[in-house]
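Here it is: the structure, laid out below.
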Amino acid sequence: MHDLRRLLGPTGTTSTSLLAAAASPRSVGRWLADGDLVRLHPGWVTVPALADE
């Protein structure tokens, strides 16, 4: 089990490619599908709680 906030780092956002390297592409896809991550811009994600900041 991965801690998404820790994986996103101090800025609370990261690229999907870096996140996939730290976890797996399948995990990133699942987190997006489940709503645990949201896309900020193409190739960049965050958790829903930080999306408006």
Side-chain angles (χ1 to χ4, degrees):
M1 185 61 114
H2 294 286
D3 178 359
L4 284 176
R5 295 295 283 259
R6 186 180 57 77
L7 288 173
L8 293 175
T11 62
T13 185
T14 192
S15 70
T16 52
S17 60
L18 287 176
L19 188 56
S24 74
R26 184 176 179 194
S27 292
V28 174
R30 186 178 65 247
W31 293 327
L32 285 165
D34 291 348
D36 296 324
L37 286 176
V38 294
R39 293 185 192 277
L40 292 173
H41 300 283
W44 289 89
V45 294
T46 191
V47 292
L50 299 176
D52 291 332
E53 291 185 18

Same apolar cluster: Val45 and Leu4, side chain cutoff 4.5 Å: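 Cluster IDs for Val45 and Leu4 match.
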
Using only atom types and a distance under 3.5 Å, with no angle test, would you say the side chain of Thr46 pairs donor to acceptor with the backbone of Gly12?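 Present.
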
May I ask whether Leu40 and Leu37 are part of the same hydrophobic cluster, defined by side-chain heavy atoms of I, L, V, M, F, W, Y residues being less than 4.5 angstrom apart, directly or through others?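 Cluster IDs for Leu40 and Leu37 differ.
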
Give a yes or no on whether Leu50 and Val28 share a hydrophobic cluster (residues Ile, Leu, Val, Met, Phe, Trp, Tyr; joining criterion: side-chain heavy atoms under 4.5 Å apart).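 Same hydrophobic cluster.
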
Which atom pairs, one a donor and one an acceptor, fall under 3.5 Å between side chains of residues 16-25 and the rest of the protein, sequence neighbours left out?
from, atom 1, to, atom 2, distance (Å)
Ser17, OG, Ser15, OG, 3.2
Ser24, OG, Ser27, N, 3.0
Ser24, OG, Ser27, OG, 3.0

Step through the shown structure and confirm whether more than 12 heavy atoms of other residues, nucleotides or ligands are within 6.0 Å of CZ on Arg5.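 Open.
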
